[in-house]
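As a basis for the values below, the full set of heavy atoms in this structure was taken, side chains included, without hydrogen atoms, waters or symmetry mates. Source: prediction; values computed, not measured.
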Amino acid sequence: MRQKLNAIGLEFKGRNVLLVDDSIVRGTTSKEIVQMAREAGANKVYLASAAPPVRFPNVYGIDMPTKAELVAHGRTLEDIRKIIGCDALIYQDVDAMKQVVRKLNPAIQGFEASCFDGVYITGDVSAADFAAIESQRLTQTDEEAASNSRLALQNKPD
């Protein structure tokens, strides 16, 4: 991470800064960036996410962490803020996000937002499915993880 990003001390030293990220999934990158800003001399570090909190895994083919790996799963905003180490944390609101999308395209009646709201549009995702995905992910070797682009629910026969 630190090889990709560098904080310029002149831009941070003695200032209150607002960092904006597209999303916060595991929180590890955000935590590192907040720490880098502090090390560069920032007085206060505020973090904003353009996405709502990612609280639930995506089971429809996108490689997503398990519930245990998601920084927002089962945690309050304050819990997440403390883990990341920022002075304030701002997330996009799920309902506001949906409202904006509907205003941009009134033909959209609904859309898949399960990683934010936990509502799985197929209606057939169970606790057993999550357990199977987590088990599969936890028993993978590093080599298998690198070769698999995603873990998801398999199509179920009718």
Side-chain angles (χ1 to χ4, degrees), residues 1 4-5 7 11-12 15-38 42 44-138 140 145-146 148-158:
M1 169 53 111
K4 291 170 118 180
L5 301 172
E11 300 297 330
F12 288 87
R15 296 186 180 185
N16 297 336
V17 297
L18 171 64
L19 305 173
V20 181
D21 205 346
D22 61 343
S23 63
I24 301 169
V25 180
R26 289 179 179 88
T28 52
T29 301
S30 299
K31 183 176 183 175
E32 189 73 22
I33 292 170
V34 167
Q35 184 60 37
M36 288 173 65
R38 290 199 188 285
K44 301 266 184 179
V45 181
Y46 306 105
L47 180 63
S49 172
V54 178
R55 297 187 185 280
F56 306 93
N58 180 294
V59 298
Y60 299 122
I62 298 173
D63 183 22
M64 291 279 290
T66 62
K67 289 178 185 180
E69 295 171 294
L70 298 170
V71 71
H73 181 76
R75 293 189 175 100
T76 66
L77 186 67
E78 180 62 11
D79 293 338
I80 302 164
R81 185 199 65 75
K82 286 178 182 176
I83 290 168
I84 291 172
C86 55
D87 294 291
L89 178 60
I90 304 159
Y91 275 107
Q92 167 70 274
D93 178 76
V94 177
D95 292 331
M97 176 190 69
K98 290 178 180 182
Q99 184 179 11
V100 166
V101 171
R102 283 188 196 104
K103 282 185 180 180
L104 291 171
N105 185 347
I108 295 175
Q109 297 300 310
F111 50 93
E112 206 289 314
S114 60
C115 63
F116 305 125
D117 61 15
V119 177
Y120 294 90
I121 60 173
T122 57
D124 61 351
V125 180
S126 69
D129 293 323
F130 286 122
I133 291 169
E134 288 184 27
S135 175
Q136 181 184 6
R137 189 172 188 104
L138 294 173
Q140 266 188 327
N148 290 336
S149 63
R150 60 184 164 228
L151 293 176
L153 294 176
Q154 301 300 313
N155 289 333
K156 296 178 184 178
D158 291 332

Check whether any side-chain N or O of Arg55 sits under 3.5 Å from a backbone N or O of Ala72 as a donor-acceptor pair, and report yes or no. yes

Judged by atom type as modelled, is there a donor-acceptor pair below 3.5 Å linking the side chain of Glu134 to the main-chain atoms of Ala131? no

If you look at every heavy atom in Arg102 and Gln109, which pair is closest and at what distance? NE-O, 3.7 Å

Under 3.5 Å, side chain of Asp21 to main-chain N/O of Ser49, donor-acceptor pair present? no

Look only at the side chain of Arg81 and the backbone of Cys86, and say whether a donor-acceptor pair between them is shorter than 3.5 Å. yes

Could you check whether atom NZ of Lys31 has more than 12 heavy atoms from other residues, nucleotides or ligands sitting under 6.0 Å from it? no

What residues, two or more places apart in sequence or in another chain, satisfy ring pair (Phe, Tyr, Trp, His ring centres under 6.0 Å) together with Tyr46? none

For Leu89 and Ile24: C-alpha separation, side-chain torsions, deciding distance, then whether side chain to side chain contact (heavy atoms under 4.5 Å, CB included) applies. CA-CA 11 Å; Leu89 178 60; Ile24 301 169; 3.8 Å; yes

Is there a side-chain contact between Tyr120 and Pro57, using heavy atoms and a 4.5 Å cut-off? yes

Is any side-chain heavy atom of Leu70 closer than 4.5 Å to one of Val25? yes

Nearest 0.5 Å, please: how far is CD1 in Ile84 from OG1 in Thr29? 10.0 Å

Please tell me if the side chains of Met97 and Val100 come closer than 4.5 Å, counting only heavy atoms from C-beta onward. no

